[in-house]
Visitor: 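Have a look at this one.
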Amino acid sequence: MPIYAYCCQSCEEHFEELVRAAAEPPPCSKCGSTDVVRILSVFSTEWKPSNVNWHRVV
Ligand SMILES: [Zn+2]
């Protein structure tokens, strides 16, 4: 199941949710606003296998 990152447009809170691809964006975990946008780039840039030391590679 994919992990999506969202950014709340109301309070700028960033949070991640386990959601289905076709699911509606979840409400903000901080203020409850549904005015959130999905951040696709985070999925590929920050979500990495935990058993790999990426910092050492760089
Ligand atoms: Zn919010």
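Every number for a ligand or one of its atoms is a count from 1 in the order of the listing.
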Visitor: Quick check for you: within a radius under 2.8 Å, how many protein N, O or S atoms neighbour the Zn ion (ligand 1)?
Guide: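 Atoms of protein N, O or S type lying less than 2.8 Å from the Zn ion (ligand 1) total 4.
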Visitor: How far does CZ of R38 sit from CD of E17, to the nearest 0.5 angstrom?
Guide: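 Those atoms lie 11.5 Å apart.
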Visitor: Between CD1 of I39 and OH of Y4, what distance do you get to the nearest 0.5 Å?
Guide: 13.5 Å
Visitor: Where do P25 and V36 come nearest, in terms of heavy atoms and distance?
Guide: CB-CG2, 3.6 Å
Visitor: Suppose we screen for side chain to side chain donor-acceptor pair (under 3.5 Å). Which residues come up paired with S29, at least two apart in sequence or across chains?
Guide: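 Testing S29 for side chain to side chain donor-acceptor pair (under 3.5 Å), a comparison that skips the adjacent residues, returns none.
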Visitor: My understanding is that only residues two or more places apart in sequence, or in another chain, count here; which of them pass side chain to side chain donor-acceptor pair (under 3.5 Å) with S10?
Guide: S33
Visitor: Would you please name every residue forming a side chain to side chain contact (heavy atoms under 4.5 Å, CB included) with Q9, sequence neighbours left out?
Guide: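 Listed in chain order: C7, D35, V37.
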